[in-house]
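Residue numbers start from 1 in every chain, and the chains themselves are labelled A, B, ... in the order their sequence lines are given, proteins ahead of strands.
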There are 2 protein chains.
Amino acid sequence: MDGLETRQLRYFVAVAEELHFGRAAQRLGMAQPPLSKAIRDLERQLGVQLLTRTTRQVGITPAGEVFLRDARTALAAVAAAARRARQAGQSRPMLRVALKADFDGGLLAPILDAYAGLSAGSSAEVMPVELVLGGPGDQIEALHDGRADVALALTPFDEHGVDSEPLLTEPRVVALPAVDPLAARTDLCLADLAGRRLPNGSAADSGDVAPPPLGSAAVKDLSQLFNLVEVGSMVWFLPAWVARQFPRPNIAYRPLPEIPPVTLAVAWPAELRSAPVAAFVRTAQEVADAAVTATPQPRHRGPADADAAGPRQRADH
Amino acid sequence: MDGLETRQLRYFVAVAEELHFGRAAQRLGMAQPPLSKAIRDLERQLGVQLLTRTTRQVGITPAGEVFLRDARTALAAVAAAARRARQAGQSRPMLRVALKADFDGGLLAPILDAYAGLSAGSSAEVMPVELVLGGPGDQIEALHDGRADVALALTPFDEHGVDSEPLLTEPRVVALPAVDPLAARTDLCLADLAGRRLPNGSAADSGDVAPPPLGSAAVKDLSQLFNLVEVGSMVWFLPAWVARQFPRPNIAYRPLPEIPPVTLAVAWPAELRSAPVAAFVRTAQEVADAAVTATPQPRHRGPADADAAGPRQRADH
DNA sequence: TCCGATTGATATCCTGAAGATATGGATGGG
DNA sequence: CCCATCCATATCTTCAGGATATCAATCGGA
């Protein structure tokens, strides 16, 4: 009676995403008829209609929607099992740390140093670190499908299935072309950005003040982002530490009090808190605490930037 | 390259649990040779040795341990996908509430009433309730594999992958045979129970003061438990509300300050917070609050029990 | 030390299900 | 009204999952 196979889940996800049997079959590297049959068998097995097909169009039922969601997480869980097993089988297992390039708040290097330095004490809970930078999806997704053991991510993110501890909170600044008239002003508000293209694609003059995603998947690293900003095709919201770490002559960073601050957090799969992960998390927290309390604020740029890169705050949970 | 099937996971879990190919094959309803081959193929596919076999004995490697854990959760995720899809496909979808019989703190009936009464307001977020009482594992497991949408459970439980809100906290009492000499005393401590058999199976004279599990899977409901206690073969720790709800002539409930109190909580899968679930959770909290603030303490039994069933406290997170 | 019992591995055969190809039928657009 | 599009049906083929029989290695006991 029971016994769903991941193959069936993969097939359904493909069809549900494409809403087109032909394209889904092509994506799966198979012919269309067996795919149709597989989906029909799946529906019969579940006793539920997942898709509505006319001869011209495929739609998804409410039950199909929930199954699509659950199928995706189940597939991620299976992939995670495989990845973690492979990882655990390595003779030199690595602690895989996922992060978005340049979005570490300047903490990555000291954290890695401190973590490596831990080996003097108890060697068992320290292992070599491997950075997971690219790949599909965000860092949290890398945790879910087993590509990484721990992640540095900017909140807010999807907390489902992960535990996390905040490391540091900073306000966000807006990155403008230096030639932009707004760059001459020190106090900006969201309304001033009317007409400029924002990260979420919509123009700023639409009334939404929702916090724009600053980790849009489309832009892979800061270099690309800086290029877009420099040519004036976009403005962007960035954590203040980025303004501190990456001064650029053609880009002006300005504070924007309306935008809520971001928090950099260390996250790991909720089920899994191995000794090395725990040690890494602890180390990260200690480094972040030290950075907040001990570090004098570096000010390499103009006075406006000093405001933008206001005092670091230890994030409170 | 990739493409792990749930069948492979089921096979591995069986072998890893039995540590015996023959028995595992029997459990899976298949012959031993293909099972051996399947496991070997799995290991080759992962590039990792999961089991150590001599001709006489099967052991599990560290990698196998982590894979076993992940495989179990992946299988639960797949099962959950199937169950929830079936559920969502029903023409009259039900809100399935998992709980342990008689362990609802007396809140179940008022919660259900209040929840049903909600339909007057916004009908969309209320659906008929189905109780999930039995089945393998505990209520949290029922959430994980999709047998239930919400659960009432006693903390502490495994919080991984679930969100929860506490409803009420009460001290625990010990249930003794009325004829037990200790029943004459009003103030007991753990040491007094030396020699009696405790729920976790170990005798009380072993030095552990760890909170004994009061939801041992072995005993399905309170009737069985009461029988065991009445014949003097066991003493048991129970939430104080049980003493209030189920007075028994042959059983004495006595307070035991050393045992930490329990909290009844409402829990749901972390990924899933549908409108009906949210409404149920809210209703449960409101009912619990009302019960704590408004209910006069009913006292049907002797003075000692009154102490045992001390004031209800609203649980603080 | 030897023999039998236990247990996993190997060899060979078979069945069924996954998949391919060819084709039909329904629908929407021009 | 016809053609293009797209899902369903029918039939055939292949191969992987599984069964049976057997071997090989190890442990225990006499």
**OP:** Please state how far atom CG in A:Leu35 lies from atom P in D:dC7, giving the value in whole angstrom units.
**Re:** 9 Å

Original post:
In terms of the nearest nucleotide of DNA chain D, which residue is placed more toward the 5' end: B:Gly29 or A:Ser36?
Top reply: A:Ser36

Original post:
Does atom CD of B:Gln26 have more than 12 heavy-atom neighbours, drawn from other residues, nucleotides or ligands, at distances under 6.0 Å?
Top reply: no

Original post:
Rounded to whole angstroms, how far apart are CG on A:Leu19 and C1' on D:dC6?
Top reply: 14 Å

**OP:** Please determine, for the side chain of A:Arg7, which listed nucleotide (D:dA8, C:dG19, C:dG8) has the closest atom?
**Re:** C:dG19

Original post:
Under 4.0 Å between a side-chain N/O of A:Arg40 and OP1 or OP2 of D:dC7, yes or no?
Top reply: no

**OP:** Measure from OH on A:Tyr11 to C1' on C:dA17 and round the result to the nearest Å.
**Re:** 11 Å

Original post:
Between B:Gln49 and B:Thr61, do the side chains contain an N or O donor and an N or O acceptor separated by less than 3.5 Å?
Top reply: no

Original post:
Between the side-chain atoms of B:Arg56 and the base atoms of C:dT6, is any donor-acceptor pair under 3.5 Å?
Top reply: yes

**OP:** Quickly work out the B:Gln45 CD to D:dG17 P distance and round it to whole Å.
**Re:** 9 Å

**OP:** Report the distance from atom CG of B:Asp41 to atom C1' of D:dG18, rounded to the nearest whole Å.
**Re:** 12 Å

Original post:
Reckon A:Arg53 has a side-chain N or O less than 4.0 Å from the OP1 or OP2 of D:dA8?
Top reply: yes

**OP:** Take the protein atom CD of A:Gln32 and the nucleotide atom P of C:dG19, then report the distance between them rounded to whole Å.
**Re:** 14 Å

Original post:
So which nucleotide from D:dA21, D:dA8, C:dG19 ends up closest to the side chain of B:Pro33?
Top reply: D:dA21

Original post:
Would you call A:Glu5 and B:Arg10 a salt bridge, taking side-chain N to carboxylate O under 4.0 Å as the test?
Top reply: yes

